[in-house]
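Note sheet for the following structure.
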Amino acid sequence: MDTAEEDICRVCRSEGTQDRPLYHPCVCTGSIKFIHQECLLQWLKHSRKEYCELCQHRFAFTPIYSPDMPSRLPVQDIFAGLVASVGTAIRYWFHYTLVAFAWLGVVPLTACRIYKCLFTGSVSSLLTLPLDMLSTQNLLADCLQGCFVVACTLCAFISLVWLREQIVHGGAPQWLEHHQPPLVPGQPNGPAPPNQVPAENIGQAAAADEAAAGAPLADPPDNLDPADPQEAEDHRDEAEVDDEEEEEEDVRLQDANNGGQEDLNWNALEWDRAAEELTWERMLGLDGSLVFLEHVFWVVSLNTLFILVFAFCPYHVGHFSVVGLGLEDYMKASHFDGLITTILGYILLAGALIACHALASLVRFQRSGRLLGVCYVVVKVSLLVVMEIGLFPLICGWWLDICSLEMFDATLKDREQSFDSAPGTTMFLHWLVGMVYVFYFASFILLLREVLRPGVLWFLRNLNDPDFNPVQEMIHLPIYRHLRRFILSVVVFGSIVLLMLWLPIRIIKLLFPTFLPYNVMLYSDAPVSELSVELLLLQVVLPALLEQGHTRQWLKKLVHAWTFTAGYVLDLHSYLLGDHEDEDNQINNNLAGRHHNNRFPAFGDGLHAAHQAILQQGGPVGFRSYHRPANFPLKILLLVVFMCATLLLASLICLTLPVCAGRWLMSFWMGSTLVHELYTAASGLYLCWLCIRGATMLLSWMPQGRSVIMIKVHEWTLMLLKTIVVAVMLAGLVPLLLGLLFELVIVAPLRVPLDQTPLFYPWQDWALGVLHAKIIAAITLMGPQWWLKTVIEQVYANGIRNIDLHFIVQSLAAPVICILLLALSVPYTISRGIAPLLGVQPETQMLVERRIYPFLLMVLVLLVLLSFQIRQFRRLYQHIKNDKYLVGQRLVNYERAAGRKRSASPFSSPP
């Protein structure tokens, strides 16, 4: 075959000519080796890439300049380009300053001062509002408060839009449909059955019925049988006749109903087109235009409207009610009188809205009644969200604190004093503790579902159910159902706290009088900062123990063993695990593997399912048949008693064993000195974990014989030694050097005057260095690709079992340690070795020693900025040169590009 026949372009499949030569710009060979430059440029513009999609080689172009180009650009050209760049920078600076001033200054400042003006309660504040807007007093504080107000109004607006979408897609409540009788307070208003829904809403109603059928505490419909086609047809005929009579009787009302339906099922075509034109850059003003000023005006107007509607009106409704009832003193004693008064106002508004809706339905004002009903649904869902996400965790947190007072030798009076001194902080901490408690309770329920037979936990809501939609339940289920479930949830969660916290503490105090209370006192003058070590334990140690310690697998096996034992003792094996245990285990393993990457629920869903889904009436979902033994109710009662005793025993072990082991371990180091129980509990927990881990490993190796055990022991010993070496370097030396460097550069210059000597605590510096190292590693992994990120990813991918000591020492530990040692030793050498040779005064010597580290940091920052400016000037120089003298670009062949370190982009300028 002739060689010339093979040299064709891989795009246009034509040969090369003198005017259009062929190039081979990448590693590809064969029939796709050659290409025309014009074809390549056209393809690169189409694909928007600068490299070959097959061999991943980046194409190189050499610039072609005009023959009259001088060797160096004239000064006037550089100055003109520099002036143009400075002018562009000033224009952008002015525009972005205006954008920042508008969004970070005008919007929050107006929101804050309008909020203060409305809640002042005087007419004079309204008259002086324009002058207050221009006042320069408390600008920073008002801007920060205004940012919070704007964030609240923005969240309220987004919530309203999202709630509207939920109503559109999930359907409105049954009593809100215009064919239904008016709502009577206390009347059940669950989702409508399929045969009572208009034809256009059958799909939405069916989805709502399906969600309600599996909802917790969902009562089955009792007004008709959905399986009876004749009854469904009769109801459909009756609905059609009623529609015809109503349409003939009053056409206007029918138009109003259609208008309301059109308002509900609005067409978003125009909004979609507007969204295509309106981007975030254009809306915020980051595109360089001034259209954002109009958006600023609308945001200020919407903030004012939302403050007036959603804060001012409910607060004053509640305030007038409180004043009328004479409860001002009780409200002030709560320290949250504004929040409680606003919630009371919302409750009163909800009652007024439902009463007005009933009245409008009686007089057949359908459109007004529908509007009032939708407003009531909005207020109802808002109150339920506050009750579920705010009030319920707060109750759980306070109950946990009250039941654990004796464990810390505290009293209710101490909690009352702490609440009076810092009410906001106290309430937030108790709410956070309650959220954590509910979250882990929901996580434990998920673990139980993986072990037990499907259908055992039919009374608890399944978080993995795709039909689970808490917002739809808030919309459709009546208030009394939510209140009943809320009270039942409080009783259940409170009983669990009594069983697993209060009762074990009483038993411990009875059996071991000297064991309690736990020592949790913090001493600010202690050489070791308890707070820093607490952060270390909570952020590093405990998460590593839970994630890497097979804790969940062990807990699952313990639950399965307990269930297996209890099932055979009480003859409830079929009820708890099913008749086909192997099949159940296979299904559970599949479920566990499916949810391995999402083992714990989200806080919001777990909270709602845990305290909203205590009981569910009707048939269980995913039910599997089982053998019902004799005396079944009595055996279920014994099972519950056995479960309570097990939970009590487990709580006693968890409260005593880790602390005892930690106290014994700490006694070898600290002697008889009292140690914070967080340290003893953490060290004891790790000691127990190591013992359990070693025992499980030996039990798994024993059936394989002595030789295999010796091989395993040798492998694990070698791996343990490597891990210790790596831990000493990466978890010991690197954090110590990092914490000490941070202390010298930041902490000591800011906290210690020049006439005082700074004291360094290596233990505290190491603890803080661990946190700093964790933050730096997280930022590195989220940042661009460079050598440190590549090495960390490789170490993490290898894991502990495949640990490569040589790679870690050579590529990670040695470079990082050398950089940190240089950062610590070079300033010390300069201050202690070079400065005395210059014959400086003792005061100057002290100043140099104390300020050398921050000074060198500033020098390093300036050098980085200078290097950045030099690179920017080179880019400007090249840009000026290309704009004036560049006439084209020539594609570079692969052999010629192999030795080149630098190439121009085909998109930098037109050829």
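Listed for the W103 side chain is a donor-acceptor partner under 3.5 Å among the backbone atoms of L284. Of the possible donor and acceptor atoms, none in the side chain of Q166 sits under 3.5 Å from a partner among the backbone N and O of Q472. Not one N or O on the side chain of S368 forms a donor-acceptor pair closer than 3.5 Å with the backbone of F365. Without hydrogens or angle criteria, H295 side chain to M283 main chain gives a donor-acceptor distance under 3.5 Å. Judged by distance alone, with hydrogens and angles left aside, the side-chain atoms of H357 form a donor-acceptor pair with the main-chain N or O of G369 at under 3.5 Å.
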| task | Show the numbers, then the answer: is there a ring-ring contact (aromatic ring centres under 6.0 Å, His included) between F486 and H482? | result | CA-CA 6 Å; F486 182 83; H482 290 285; over 10 Å; no
| request: Let me see the working for R282 and D287 under salt bridge (Lys or Arg N to Asp or Glu O under 4.0 Å), right down to the final yes or no. | output: CA-CA 5 Å; R282 187 173 182 81; D287 60 342; 3.5 Å; yes
| query | Given W431 and F392, is the ring-ring contact (aromatic ring centres under 6.0 Å, His included) satisfied, shown in steps? | reply | CA-CA 9 Å; W431 175 83; F392 183 77; over 10 Å; no
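Taking CG from L118 and SG from C313, the interatomic distance works out to 9.5 Å, rounded to the nearest 0.5 Å. Between R113 atom CZ and L109 atom CG the span is 4.0 Å, to the nearest 0.5 Å. Here Y115 contributes atom OH and F148 contributes atom CZ; the two are 8.5 Å apart, rounded to the nearest 0.5 Å. With rounding to the nearest 0.5 angstrom, the CD1 atom of I354 is 9.0 Å from the CD1 atom of I479. In this structure, the separation between OG1 on T342 and NE2 on H316 is 10.0 Å, given to the nearest 0.5 Å. Taking CZ of F310 as the start and OG of S159 as the end, the distance is 9.5 Å to the nearest 0.5 Å.
Between F444 and Y440, the distance from one ring center to the other does not fall under 6.0 angstrom.
Between F336 and F419, the ring planes lie tilted relative to each other; the angle falls in the 30° to 60° range. Between F441 and F493, the ring planes are tilted. Angles from 30° to 60° get that label.
Scanning all heavy atoms of the two residues, the minimum distance from A111 to I307 falls at O-CD1, 3.8 Å. Of all heavy-atom pairs between H430 and L394, the closest is CB-CD1, 4.2 Å. Across all their heavy atoms, V150 and P108 have their closest contact at CG2-CA, 4.1 Å. What you find for K380 and L477 is that their closest heavy atoms are NZ-O, 2.5 Å. Closest non-hydrogen pair, C396 versus G434, comes out as CB-CA, 4.1 Å.
For residues 392-401, the set of pairs meeting the salt bridge (Lys or Arg N to Asp or Glu O under 4.0 Å) definition, not counting sequence neighbours, comprises D401-R415.
Residues meeting the side chain to side chain contact (heavy atoms under 4.5 Å, CB included) test with V379, sequence neighbours left out: Y346, A350, L353, L383. For the side chain to side chain donor-acceptor pair (under 3.5 Å) test, residues two or more places apart in sequence or in another chain that qualify with T153 are N303.
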